[in-house]
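To start, the structure under review is shown below, and the notes come after it.
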Amino acid sequence: MMSAAQRAHNAGLVRIGERQGLVTYLRALWQRREFIRAYARAKTQAGYRTRRLGPLWEILDPLTTMATYWVLFGLLLGARTSVPNYLGYLAVGVFTFAVIRRSAQSGARSVSANRGLLTSLPIPAVILPTAAVVQQVRAFLVSLPVLVVVLLLTGEPVTWSWLFAPLAILLIIPFGWGIALLLARWMSHTPDIGGVLPLVLRLWGLASGVMFPITERISQLDLPTWVEYVLVYNPGAVYLAVMRDALLTGYTPPGGVANWVAAAVWSLIAATAGVVVFWRGEGTYGRD
Amino acid sequence: MDATESAEKSTLRLLLDDVAVSYRVFPHGRLVPRRAQQVEAVRGVSMEISAGESVGIIGRNGAGKSTLLRAMAGLLPLTRGAVYASSPPVLLGVGKTLVPRLSGRENIELGCLALGMTRAAVRERIDEIIDFSGVADHIELPLSTYSSGMAARLKFAIASSVDHEILLLDEALVTGDLDFKERSMDRMRQLRDRAEAVVLVSHSMSAIRGSCTRVVWIEKGRIEGDGKPDEVIDAYSEESRRRRRDRRQGHRGPDQGPDQGSDP
């Protein structure tokens, strides 16, 4: 008696729902790029439709965050004197970290919140976190002119080093994608993560120096050096550092050129780990 | 390769080998639930479907018919067993709608792209699909504003716009007014004629008798009967009658017979 698998093979049948090889998997993702683009755009439009001010929120969101941080940290805690152009420092921080924070948050939700889509259309699950990141990158690009205006208004000159900003963004995107994939898999079987994620991400932003140069404060506390290393070379701090390095003249982030190396390394690690981990979970995403 | 093997290659389209599906549920009523519970919906189904076969699946609500259909399409992770097919089976089902917050038009675009159409093909055919769906007046509104009948029609219009070699149909999706019912039955017959193998889940015995060459009866996630439509349907009806009689006499708890409604 031939086994069922053997019979299927002899009849030229292929196994349905079986995990493909990693290369085939990524190729399938690339073949669905039209779907990803359409999905990300439609999601963005849908988000606009639910709010009266629609796309204006893409600008209002970072601006209100900046205003809050400026009052809290700049004014009340006196951080505005810690760097020459505090408003510019804050603007780059808020706009840049928003890409990471929002990619992580909507990527994490993407699989668990769209189970209906996964169980009704023949699409690999990796499309969902990927589309979530594409959506956030689009949002960032829409709000980018505002960042430029803020920088110019606060007196930052346009320099050749601004040309490094697109490179920094290109390093941030794969990092955000990797984080989105990791969190999406994690949250698909432990939905409770959704409860703590927003808080964790805000704290990460604080520790990475979104609001003020935290390492300068920490160094006064006489902590072990490894704490300082963690603070300076954690991915959040590194991506903020390279953006500020490119866009601000009066502020040099700690770490120097090493930040660019660290930024590339973190991108590579996060994207690779994210893809492999998510791929290994393929086939479990529809269930619960 | 010998003669039997090559003969088999030309006919076998779908092979289910001991397929089981279970859902994970967190029990309520505890502050800290101890562990997730497994609810078995399909418990070891094996069958083979060849080219030209049209298989009807019958059974009571909650017997696991729809779950089995989705497992065949590879849309559900299996807890055991495997599904083999000559090409990816496509499911036309009700289930959850696509993306509730997006408009009908956006859902059609996304659905068609996911089924493998190119952007150009979608642009070319979208008016025809909207027209067929019969929800043209609401096409720019979010899907969440649609009635369940309208959403089912839209989904049917999307899914049936592409030809498939193995077609899985959930008949409950043929809802709506008489006009749409007729048009969609027509469309389904066309699809069935073009598809090589068809699996149809239905509560309508007349629809099954009229269109299937074979019937599989599912009971509590297992195959209870498999054979010629008349034989299996007769056995199923007899069982349902027996159940109804028992219930009237109060021998059993609340139970459901076959009905014309849709699966949950």
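Naming: A, B, ... by sequence-line order, numbering from 1 per chain. Bear in mind that the values here come from a model prediction, so they are computed numbers and not experimental data.
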Within 6.0 Å of [atom1] in [X], more than 12 heavy atoms from elsewhere:
{"X": "A:Arg280", "atom1": "CZ", "answer": "no"}
{"X": "A:Trp204", "atom1": "CH2", "answer": "yes"}
{"X": "B:Glu124", "atom1": "CD", "answer": "no"}

For the atom pair [atom1] ([X]) and [atom2] ([Y]), what is the distance rounded to the nearest 0.5 Å?
{"X": "A:Ile16", "Y": "B:Ser86", "atom1": "CD1", "atom2": "OG", "value": "8.5 Å"}
{"X": "A:Ile123", "Y": "B:Leu115", "atom1": "CD1", "atom2": "CG", "value": "10.5 Å"}
{"X": "B:Glu106", "Y": "A:Gln45", "atom1": "CD", "atom2": "CD", "value": "7.0 Å"}
{"X": "B:Leu102", "Y": "A:Arg49", "atom1": "CG", "atom2": "CZ", "value": "6.5 Å"}

Between B:Gly74, B:Ala114, B:Pro142, the one whose heavy-atom pairs under 4.5 Å with chain A are most numerous: B:Ala114
Best-contacting candidate, B:Leu110, B:Leu15, B:Leu113, B:Asp17, against chain A by heavy atom pairs under 4.5 angstrom: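 Highest number of pairs under 4.5 Å: B:Leu110.
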4.5 Å side-chain heavy-atom contact, B:Leu12 and A:Arg7: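 Contact flag for B:Leu12/A:Arg7 side chains = yes.
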Most contacts with chain B, counted as non-hydrogen pairs under 4.5 angstrom, among A:Ala4, A:Ala42, A:Gly47: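 So the answer, after comparing A:Ala4, A:Ala42, A:Gly47, is A:Ala42.
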Option in A:Glu34, A:His9, A:Gln31, A:Glu282 with maximal non-hydrogen atom pairs under 4.5 Å from chain B: A:Glu34
Per-residue contact mode, A:Arg15 against chain B (heavy atom under 4.5 angstrom): both
A:Lys43 to B:Val99 - nearest heavy-atom pair and separation: NZ-CG1, 4.0 Å
Counterpart residues, side-chain contact (heavy atoms from CB on, under 4.5 Å), relative to A:Ser110 (two or more places apart): A:Leu128, A:Pro129, A:Ala132, A:Ala184
side-chain hydrogen bond (donor to acceptor under 3.5 Å, both in side chains) involving A:Arg109 - partner list, sequence neighbours excluded: none
